[in-house]
Amino acid sequence: MASSTKYIFVTGGVTSSLGKGIVASSLANLLQARGFSVTIQKFDPYINIDPGTLNPYEHGECYVTDDGAETDLDLGHYERFLNRPTSQANNVTTGRIYQHVIDKERRGDYLGKTVQVIPHITDEIKRRMQMLGQSGEYEIVITEIGGTVGDIEALPYIESVRQLRWELGRNCVSIHLTLVPFLKATGELKTKPTQHSVKMLQESGVQPDILVCRSEHSLSDEIKRKLALFCNVTPDSVIESLDAKTIYEVPQLLLAQNMDEVVLNKLGLPTTGSPDMGRWSDFLNRLVNPTSTVEIGLIGKYVELKDSYKSISEALIHAGAENHSKVEIRWIHSEDLTPSNASKALAGLHGVLVAPGFGSRGFEGKIEAVRIAREDGIPFLGICFGMQASVIEYARHVLHLPEANSSEVDPTTKHPVIDLMEEQKKVTEKGGTMRLGACDCNLTEGSLSRGLYGRSSIAERHRHRFEFNNAYLADLEAAGMIAAGINPETGLVEIVEIPSHPWFVGVQFHPEYKSTVANPHPLFVAFVAAAMTHKTH
Ligand code: GLN
């Protein structure tokens, strides 16, 4: 099985942020639409064991998989494009590689040997690069190498790709993503940065088979020929990647240039037939031809870097398309919201989404946003910290417990309606120690969520340390906020609702991680539908 698995490596050159993740996802999408089983993995050259300990300002959202891995946000794209879950094995960092090798060294596994980058670190990288391929589940494994060619820290990865190309022969293709800038003054597209970037890759012994060139303008045949000549590739292997209206258009843009066929030919795989893009095209049609617009307020404290809420904004896009509606997001900084200005800041919104988060900064603003949504009957979706804020708001203003709080925000609060989870009390280490990954949840008969999911039991992904304090459950339920979802093993409240409100749902889990193009999340779909109803009333 292992020998027949095909490997595609995607490297980036010239600059970061060219969208390697989207190109990898789009190519995977085309290959999957031809019937191949495909997965994508990302190798990140930083020393953190995982991005869970990184500030969202540094790295954007931390994406969580079913098996509880805290991963790079590109894995979210992989799942959204492929509608297949990823796992811990799909995201590897330099930190994890070194940790494994150093642990082995301490165990004596290399006794007598000097442990070196080559071969020990590269062997471990290669082992992990082939792990999913060897599982027998996938015919094609796409590996995205984080960072940019030429970075010191990327060298062991490029060296591993060089060795694997040698070992895998025809079962391996290397794609290099670069930038072809447009010089306004002379009105020209410039190929030199790409030439240099490919040279750098060649110096490391890797000859790319395919170039994907990000550009603001279409590449003429002449430019393609020039790039092909200088970079040792065939002209049909120079693919342009123009700025798209939406990332979901990229598969079609690559398909129009037969990138799937070029790749399959190089891998020695059959190219008969064509990708079945029917469902994808339907989605795209609905997305680019909406018949209405709704405005949703997204209240969070990292709104300056929109990547911090990537899965939420994508889930809203999926839900909008499902409803034939364009979702416009009003990004609202929770730190700016006060009791006196919140009403104005939220005026005109058709839905309010209070985002996940950590720590006290901006938390009172989130509570204000909940208050406005609750009092004014605006559809409300609270996620994780947003759900916790909704419980605190209800306790303060409906149960009349003005000191109600989360013990995360005020450790001495008299009414910790949100409190540290029992199992978290002994945890001192930071990395990977939250309640993480998919947990079961039973939905309460007759609740809004029960109807929306259409099932009595679900599994959703978590990432938190604090929880609803069940000591307050009876009082909150008597006052009109109900537990609509409960963890069957621990009795933890995972969903709260206010049945007297037009649409009010707070979830302890992160539904955004599971929304995909093929499967828009039911809570987001219903939230956008409720926002549309609110708009017309
Ligand atoms: N800070 C909260 C907790 O740890 C919520 C976490 C989140 O929103 N992801 O429970």
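Small disclaimer: the values here were computed from a predicted structure and weren't measured. Numbers here are sequence positions counted from 1. Read the numbers this way: they start at 1 and go in the same order the structure lists the ligands and their atoms.
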Backbone, side chain, both or neither: what part of Glu467 comes under 4.0 angstrom of ligand 1, heavy atoms only? neither

If we only count N/O pairs under 3.5 Å, is Ile383 in contact with ligand 1? no

Near Arg465, which atoms of ligand 1 are under 4.0 Å from a heavy atom of that residue? 3 (C), 4 (O), 10 (O)

Which class fits the ring pair His510 and Tyr513: parallel under 30°, tilted 30 to 60°, perpendicular over 60°? parallel

Output the list of atoms in ligand 1 that are nearer than 4.0 Å to some heavy atom of His510, sorted by atom number. 9 (N)

With side chain to side chain contact (heavy atoms under 4.5 Å, CB included) as the criterion, how do Met421 and His464 come out once you've worked through the C-alpha distance, each side chain's angles and the decisive distance to 0.1 Å? CA-CA 9 Å; Met421 300 175 69; His464 62 114; 3.7 Å; yes

Value rounded to 0.5 Å, distance of SG in Cys384 from CE in Met434: 9.0 Å

Quick one: which of Ser406, Ser360, Gly357 has a heavy atom closest to atom 8 (O) of ligand 1? Gly357

Using a strict cut-off of less than 4.0 Å between a Lys/Arg side-chain nitrogen and an Asp/Glu carboxylate oxygen, indicate whether Lys514 and Glu314 qualify as a salt bridge. no

Centre-to-centre under 6.0 Å for Phe527 and Trp503, is that the case here? yes

What are the atoms of ligand 1, with element, lying closer than 4.0 Å to any heavy atom of Cys384? 5 (C), 6 (C), 7 (C), 8 (O), 9 (N)

Where the closest heavy atom to atom 2 (C) of ligand 1 is concerned, which of His464, Glu408, Met387 has it? Glu408

Lys/Arg N to Asp/Glu carboxylate O, Arg461 vs Glu79, below 4.0 Å: yes

Worked check of side chain to side chain contact (heavy atoms under 4.5 Å, CB included) between Glu408 and Phe385: CA-CA 10 Å; Glu408 174 177 6; Phe385 218 18; 3.4 Å; yes

For atom 10 (O) of ligand 1, what is the nearest protein heavy atom, given as residue, atom name and distance? Phe466 N, 2.8 Å

May I ask you to decide if the ring planes of Trp280 and Phe81 are parallel, tilted or perpendicular, using 30° and 60° as cut-offs? tilted

Any non-hydrogen atom of Gln388 lying under 4.0 Å from ligand 1? yes

Would you kindly specify which portion of Arg463 sits under 4.0 Å from ligand 1, judged on non-hydrogen atoms: side chain, backbone, both or neither? backbone

Compute the shortest N/O to N/O distance between Phe358 and ligand 1 and return yes if it is under 3.5 Å, no if not. no

